[in-house]
Amino acid sequence: MLRAFRDALFIPELRARIIFTLMVLAAYRLCAFIPTPGVDYTKIKEYLGTQAGGALGIINLFSGSNFEQFSIFALGIMPYITASIIMNLLVTVVPALEKLQKEGEEGRRIINRYTRYAGVALGGVQALFLSTAFLSSNNGQFLLPGWEPNFFFHFIVVVTQVAGIALVLWMAERITEYGVGNGTSMIIFAGIIAGWPLSIAQTAGLVGAGQSNLIALILFIAFLVAAFAFMATITQAERRIPVQYARKQVGRRVYGGQATYIPVKVNAAGVIPIVFAAALLQVPLFIAGSFTQSQVAQSIANFFNPTNLSGLVIEVLLIFGFTYIYTAVQFDPRRIAENLREYGGFIPGIRPGDPTVKFLEHIVSRLTLWGALFLAAVAAIPTLVLQATGFSLVAFSGISLLIVVGVALDTLRQIESQLMLRNYEGFLSKGRIRGRTGSRF
C-alpha cells in the first residue's frame with residue numbers, strides 16, 4: 001500500500017502535490033499557536049485538563065487541540081461541516097437548491113459557495129456564544145489581565161474566529177485543488193493526528209508513575225492494532241454484482257459482449273456518517289459546555305457526551321441515519337439500471353428495468369445495514385474498551401480511528417489513481433491497495 005506513495009515521489013507533478021499538501025498542513029498546525037487576543041489560553045488548557053472526556057474535550061479533539069490554545073482556529077472546520085449537513089438537507093426540500101444541484105458542475109459550485117458562507121456565519125455565531133458564555137464566565141476568568149468582557153472584547157473574538165474559519169476553508173480548498181486528498185478530510189486528519197503524541201506521552205507517564213496497569217496498556221495497544229486492520233479491511237470490502245453486455249455486430253465488427261461488475265462497498269458512506277454525527281453532537285455539547293457554572297447545562301452535556309451511555313446511543317442512532325441517507329445519495333439504483341439498459345448491459349438472471357432496480361435496492365439495503373452496524377461498532381467498542389482498561393484517551397476514540405483510517409486509504413487510493421492515469425502500472429505490480437483486487441463481502 002505504501003509502495004504507491006513512495007513511487008508517487010518519483011513523478012514530479014505528484015511529488016509537487018504531496019509537498020504542497022504537507023506545507024499547507026504544516027501552516028495549519030503552525031496557526032494553532034497564534035492565540036486569540038485577550039484570551040489566557042493557559043487557564044483554558046488547565047480547565048480542559050479536567051474535562052478530557054467532557055463536552056469541551058470532545059470539541060477540542062476535532063479542532064486539533066486548537067480549542068485549548070484558543071487559537072485563530074479554535075472552532076476548527078466543524079462549523080463548515082455542520083453547514084454542509086444543513087445544506088444537504090435543504091437541497092432535498094428547497095426546489096431552487098434542488099434545481100441548482102441538477103445543473104451539473106456549475107450548480108454544485110454555487111451550492112458550495114453558499115455552504116462556505118453558511119459555515120463562516122455559523123462560526124461567527126459560535127464565536128459570539130463562546131465569547132459571551134464561556135470566556136466571560138466568572139467575571140472573565142479566562143481573560144488576560146487588562147481585558148474586560150465588554151463589547152470590544154466580544155468583537156475581537158468574533159472577528160478573529162471568523163477570519164480563522166475563512167482561512168482554514170481556504171486551506172482546505174487549496175489542498176483539494178492543488179494537493180492530494182480531500183482538503184476538509186485532511187484538515188480533520190491532521191488535527192486528530194496532532195493530538196496523538198501528547199496522548200501517548202500522558203499514557204506512558206501514568207504507567208511509569210504506577211497509576212495505570214502495564215498489562216491493560218499492552219491489551220489496549222493490541223486492540224488498536226487489531227482495530228486498524230479490521231477498519232482497513234471493512235472499509236475496502238465490496239460486493240461485486242456481475243454485469244454482461246450484449247454482443248452487437250456492425251458490419252464485420254462485433255461490439256460488446258464484455259463481462260464486468262458493479263462494485264458496491266459494504267461501507268459506501270465512508271467516514272461521512274461519523275463526521276456528520278460528531279458535528280451534530282457538538283452543537284448541544286458546544287452550547288452546554290460554554291456554561292461551565294450551570295448544573296443544568298452540565299447535565300445536558302453529560303447526556304449528549306458520547307463517552308457516556310446516553311450520548312453513545314444517540315451517536316449510534318445518528319450514524320445509522322446518516323449512513324442510509326448518504327448511501328442513498330451516492331448510489332442510485334434506478335439511474336444505474338437505466339444506464340445499463342441504455343448501453344446494452346444486464347445482470348445475469350435479472351430482467352432489465354424495474355426488476356434490476358429492485359435487485360440493486362435489495363443488495364444495497366443489505367450492505368448498508370452491515371455498513372451501519374460496522375460504523376456503530378467502530379464508534380461504540382473503542383469507547384467501551386477505553387472505559388474497561390481505565391484509559392481516558394479521547395484522541396483514540398472509535399470516531400478518530402475510523403477518520404484516520406478512512407482518510408489515509410482515500411488519499412492512497414487517489415495517489416494510485418494518479419499513477420494509473422500516467423501509465424505507471426509497473427509501479428503498482430506489488431503492494432497494491434486491496435480495493436483494486438476487491439476484498440469481497
Side-chain angles (χ1 to χ4, degrees), residues 8 13-32 34 62-64 66-67 71-91 97 100-101 103-127 158-194 270-272 274-276 278-279 282 326 329-330 403-404 406-415 417-418 421:
E13 183 181 348
L14 287 181
R15 183 171 62 246
R17 284 179 170 269
I18 293 173
I19 293 175
F20 178 81
T21 301
L22 294 177
M23 291 178 62
V24 174
L25 292 179
Y28 167 72
R29 291 307 306 162
L30 285 175
C31 289
I34 303 177
F62 283 96
S63 68
N66 288 329
F67 188 85
S71 68
I72 60 174
F73 293 158
L75 296 175
I77 203 168
M78 298 310 285
Y80 171 76
I81 296 177
T82 305
S84 299
I85 300 173
I86 298 173
M87 190 61 66
N88 287 333
L89 295 176
L90 290 178
V91 165
L97 293 176
L100 276 177
Q101 190 181 41
E103 289 180 358
E105 185 63 29
E106 183 62 27
R108 286 191 292 269
R109 188 179 296 111
I110 295 175
I111 292 177
N112 289 336
R113 185 166 68 248
Y114 292 161
T115 305
R116 288 195 297 271
Y117 293 157
V120 172
L122 182 59
V125 173
Q126 291 183 350
V158 171
V159 170
T160 303
Q161 293 305 313
V162 167
I165 293 171
L167 180 58
V168 76
L169 287 179
W170 181 84
M171 288 181 173
E173 291 177 357
R174 298 288 77 76
I175 291 176
T176 302
E177 186 174 357
Y178 301 110
V180 293
N182 179 276
T184 303
S185 301
M186 293 298 290
I187 292 293
I188 299 175
F189 175 87
I192 293 175
I193 290 293
V271 300
I272 298 300
I274 291 280
V275 175
F276 279 10
Q282 278 198 19
Y326 194 78
V329 171
Q330 295 295 313
I403 290 175
V404 168
V407 173
L409 290 176
D410 183 64
T411 303
L412 288 173
R413 196 176 298 115
Q414 289 191 27
I415 292 175
S417 299
Q418 293 292 328
L421 288 175

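Only this structure's heavy atoms are used, side chains among them; waters, hydrogens and symmetry mates stay out.
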Open item on the list: If I compare all heavy atoms of Gly76 with all of Ile165, which pair ends up nearest, and what's the gap?
Closed with: O-CG1, 4.3 Å
Task: Heavy-atom closest contact (Met186 atom, Val180 atom, distance) - done: CG-O, 4.0 Å
TODO: Measure across Ser71 and Cys31 and return the closest heavy-atom pair with its distance rounded to 0.1 Å.
DONE: CB-O, 3.6 Å
Open item on the list: Do Val120 and Leu169 make a side-chain contact, defined as non-hydrogen atoms from C-beta onward lying under 4.5 Å apart?
Closed with: yes
- [ ] Find the distance between OH (Tyr80) and CG (Asn112) and round it off to the nearest 0.5 Å.
- [x] 5.5 Å
Task: Heavy-atom pair of closest approach, residues Met87 and Ile111 - done: CG-CG2, 3.8 Å
- [ ] Give the minimum heavy-atom separation between Leu25 and Ala190, together with the two atoms involved.
- [x] CD2-CB, 3.9 Å
Open item on the list: With side chain to side chain donor-acceptor pair (under 3.5 Å) as the rule and sequence neighbours excluded, what pairs involving residues 172-193 come up?
Closed with: Arg116-Glu173, Arg174-Glu177, Asn182-Ser185
TODO: Can you measure from CG (Leu22) to CZ (Arg17) and round to the nearest 0.5 angstrom?
DONE: 13.5 Å
Task: With sequence neighbours excluded, residues passing side-chain contact (heavy atoms from CB on, under 4.5 Å) with Ile193 - done: Phe189, Trp196, Val404
- [ ] State whether the side chain of Thr411 and the backbone N or O of Gly181 hold a donor-acceptor pair below 3.5 Å, judged by distance alone.
- [x] no
Task: Spatial distance of atom OG1 (Thr115) from atom CD1 (Ile81) [nearest 0.5 Å] - done: 12.0 Å
Open item on the list: Taking the side chain as everything from C-beta on, heavy atoms only, tell me whether Val168 gets closer than 4.5 Å to Leu75.
Closed with: no
Task: Minimal non-hydrogen separation, Pro79 against Gly119, with atom names - done: CB-O, 3.7 Å
Open item on the list: For Phe73, give me all partners under ring pair (Phe, Tyr, Trp, His ring centres under 6.0 Å), at least two apart in sequence or on another chain.
Closed with: Tyr28
